[in-house]
2 protein chains.
Amino acid sequence: MARVSLKDLARHLGVAEGTVSRALNNYPDISEATRAKVRAAADELGYRPNPTARRLATGKAEAVAYFMPTSRSAISTPFVSQLLQGLGDALAKRSWDLLVVQPNSAEEELETLRKLVSSGKVSGVVLSRPAKVDARIDFLRKSGFPFIVHGRAKDASDYAWFDIDSESAFVSAVDHLCALGHQRIGFVGAPTYQNFVQDRLNGYKKGLQANGLPYAPDLVSVAELTDEGGERASFDLLSQPNPPTALLCVNDVQAIGALAAIRAKGLTPGKEVSVIGYDGIWMGRHANPPLTTMAQPQAHSGRELGDMLLSIIDGGNPKDFQILRQAEMVRRKSDGPVWVEQPHVQKILGRNEHE
Amino acid sequence: MARVSLKDLARHLGVAEGTVSRALNNYPDISEATRAKVRAAADELGYRPNPTARRLATGKAEAVAYFMPTSRSAISTPFVSQLLQGLGDALAKRSWDLLVVQPNSAEEELETLRKLVSSGKVSGVVLSRPAKVDARIDFLRKSGFPFIVHGRAKDASDYAWFDIDSESAFVSAVDHLCALGHQRIGFVGAPTYQNFVQDRLNGYKKGLQANGLPYAPDLVSVAELTDEGGERASFDLLSQPNPPTALLCVNDVQAIGALAAIRAKGLTPGKEVSVIGYDGIWMGRHANPPLTTMAQPQAHSGRELGDMLLSIIDGGNPKDFQILRQAEMVRRKSDGPVWVEQPHVQKILGRNEHE
DNA sequence: CTTGTCACCGAAAGCGCTTTCGGAATAGCG
DNA sequence: CGCTATTCCGAAAGCGCTTTCGGTGACAAG
């Protein structure tokens, strides 16, 4: 079971170590004959190069890191698992390694990243959930170190990213609600240092404008990105003298909280008050009522992120790697025509479930 | 910004490289005076040893791997994120690295693991979701390579693991249902190659026995570990001539499917039919109705796994590291007294919500 | 003053690979 | 057949660290 080293292999073949190395690495100055011989012996003896030694000699890390988002929101982020899986797939093609690194705290975030970059342990980094202006991105951009972001910061012009166009998703959501007759649409959101929150808020505003509705600051409420947060924010909105008839939520988790708030108000979500979420989390369909949402396609985002990062490490221009995907509405039971007392009005505006 | 190497530092100090190295690594044969000098110079120049070179020289990987479970179930496993975070915390104390590796397919699982172990990239492995008899564990056990398992295989005597006692959790769940008057308790489960499924089924059986109830094979239904799976299995159970009055589900995801099945049958979950899940996933409280479940304490499982693995790598005996935690019932609205037509019976047996 | 004993450090040999450089053998050319 | 151009491989120098080994100087003991 003892590992066979390059030296062993060379001795076994009666050639120099360098020759074996070059043969295995497809150098042009090795004859086909010996290359074949070396290859044969290599997998006969089960030779596997020592990655550490290789890394030291070449100076290449053959690994990338996923930089964990600091969990400001208590919700454990289930998307991480999928993302890692995709990244792993992408890296597997070169048999590179995937490191997971996380800062001890939000304050040490930058320091951790700096250390990581200068450690030489990895040749690229992927970041998640950028802040509106994100120190990590600034640092990486300046340093010239290869990286890619899952999401976008406010200024996303000159680096690589993969994102879902949540802004236009929210525009469509507003359109949809307006088409159902809603005039007072609330936005339950979160602090906007996370850029995706800002994006969605922008979409909300644009949507209102496009439909000739005024933007009323008292219709947007801010809370944590949790179910309780969504519930609280929604409850506040609904407690106003002239409450909204529909709630657009920054994500599904909050939307599910919103449903609870509506019920707590003695109203029926999907009837008296519509709610639309964003994300397309699995649980949405089991909410009460099943949640209408803007679902983001994130099946292969990890894979795509990985491929892009590899291309950048290979020398590609980061600006050439910016992908924006569209979300898609999956309509369930939490939205409906604006509520009026006369029941016949409801028959005018249809509802359907497609999934 | 150029990295300063040990050589640079040595030259700067006018001493030999070896001296610097030993000083920094607290060798006893270095005087306090020069040790201090070296340390000072080191962090003045911002010296950070090159981990790759260090690994090569010492032969120690200073890293462990989390071996991803192959996703047989489509549900992305949200616990992975938490677990990685905990592992990362544990490793951070030594500033070791955390690798995530995944096999390309279930078939290549063993081969991937074998390669990982022999690559020298890591000095320990953590596994998740063992099968009843798990080839990965057998291999690792034989090889003597340090590892720890999140969960247990059937025979868990001679290796390290961290698990939740789901068997006794299911016993308690049965007890609970019996106390509510249920006599026909269904088990909605999954194929038992995953050992935790077997454990829970065992708990179910033991619970029945303890309560003097017969084990009826037609009351257990097997399906995938998804919501649809749970729904299908539950629907089948409820379609029997003499259907169960309560459903015990192997996990919360299936339980949520069970709720849907009950509603599809025109019945009210928590009233006509009780259901209890297992896991304590966050979404349970927003199910319709809120799900009663056996919640497992997994807050720091990653951390504990990491610490244990490190101890084993340090030479500890794996058998000394076996931790079994207890799950705890969190009662919500999906369970209740067995349904009978006379309403007064229900008042006898109480219900409450504590969370 | 000599010898032995430590405390301390320099020198050097790796760790297992890559990669440059130069030289021997062969081929191509007139 | 002599000379240059190729082809192919061996030798050796790293990569940046660790660790053993041996040696120097100081100091105590005799």
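Residue numbering restarts at 1 for every chain, and letters A, B, ... go by the order of the sequence lines. Everything quoted here is computed from the prediction, not taken from an experiment.
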Problem set entry | Exam field: side chain B/N25 to backbone B/S21, donor-acceptor pair closer than 3.5 Å |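 Yes, because the side chain of B/N25 sits within donor-acceptor range (under 3.5 Å) of the backbone of B/S21.
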
Exercise. Are any side-chain N or O atoms of A/S95 and backbone N or O atoms of A/A92, one a donor and one an acceptor, separated by less than 3.5 Å?
Worked result: no

Exercise. Is the cationic atom of A/R325 (NZ for Lys, CZ for Arg) positioned less than 6.0 Å from the six-membered ring centroid of A/F162 and within 45 degrees of its normal?
Worked result: no

What are the two closest heavy atoms between [X] and [Y], and how far apart are they?
X      : Y      : result
A/L13  : A/A41  : CD2-CB, 3.7 Å
B/A65  : B/L116 : CB-CD2, 3.7 Å
A/A106 : A/T70  : CA-CG2, 4.0 Å

Problem set entry | Pair A/R141-A/D158, salt bridge (charged side-chain N to carboxylate O under 4.0 Å, His left out): steps then yes or no | CA-CA 8 Å; A/R141 196 153 42 174; A/D158 62 347; 2.6 Å; yes

Problem set entry | Donor-acceptor side-chain pairing of B/Y47 and B/S5 below 3.5 angstrom | no

Exercise. With distance as the sole criterion, is a donor-acceptor pair present between the side chains of B/S105 and B/E108 under 3.5 Å?
Worked result: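 Side-chain D/A pair, B/S105 to B/E108: present.
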
Exercise. Measuring from A/L45:CG to A/D8:CG, what's the distance to the nearest 0.5 Å?
Worked result: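 Between A/L45 CG and A/D8 CG, I get 8.0 Å after rounding to 0.5 Å.
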
Problem set entry | Distance in Å, A/E109 CD paired with A/D134 CG, rounded so as to fall on 0.5 Å steps |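 With rounding to 0.5 Å, CD (A/E109) is 6.5 Å from CG (A/D134).
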
Exercise. Nearest nucleotide by nearest heavy atom, which residue falls closer to the 5' end of DNA chain C, B/G18 or B/T58?
Worked result: B/G18

Give me the distances for all protein-to-nucleotides 25-28 of chain D N/O pairs that come in under 3.5 Å?
none

Problem set entry | Opening and closing nucleotides of DNA chain C in contact with chain B, under 4.0 Å to non-hydrogen atoms | C/dC8 to C/dG16

Write out a two-atom table: protein N or O, nucleotide N or O from nucleotides 7-9 of chain D, distance below 3.5 Å.
| unit_1 | atom_1 | unit_2 | atom_2 | d |
| --- | --- | --- | --- | --- |
| D/dC9 | OP1 | A/S31 | OG | 3.3 |
| D/dC9 | OP1 | A/T34 | OG1 | 3.4 |
| D/dC9 | OP2 | A/S31 | N | 2.9 |
| D/dC9 | OP2 | A/S31 | OG | 3.4 |
| D/dC9 | OP2 | A/T34 | OG1 | 3.1 |
| D/dC9 | N4 | A/D29 | OD2 | 3.0 |

Exercise. Applying side chain to side chain donor-acceptor pair (under 3.5 Å), which residue pairs with at least one partner in residues 308-323 of chain B are found, sequence neighbours left out?
Worked result: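 Qualifying pairs: B/R94-B/D314.
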
Problem set entry | Members of residues 46-54 of chain A that approach DNA chain D, where some heavy atom sits under 4.0 Å away |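 Correct list: empty, so none.
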
Problem set entry | Residue pairs fulfilling salt bridge (Lys or Arg N to Asp or Glu O under 4.0 Å) with at least one residue in residues 33-46 of chain A, sequence neighbours excluded | A/E32-A/R35

Exercise. At under 4.0 Å between heavy atoms, what does B/S5 touch on the DNA or RNA strands: base, sugar-phosphate, or nothing?
Worked result: sugar-phosphate

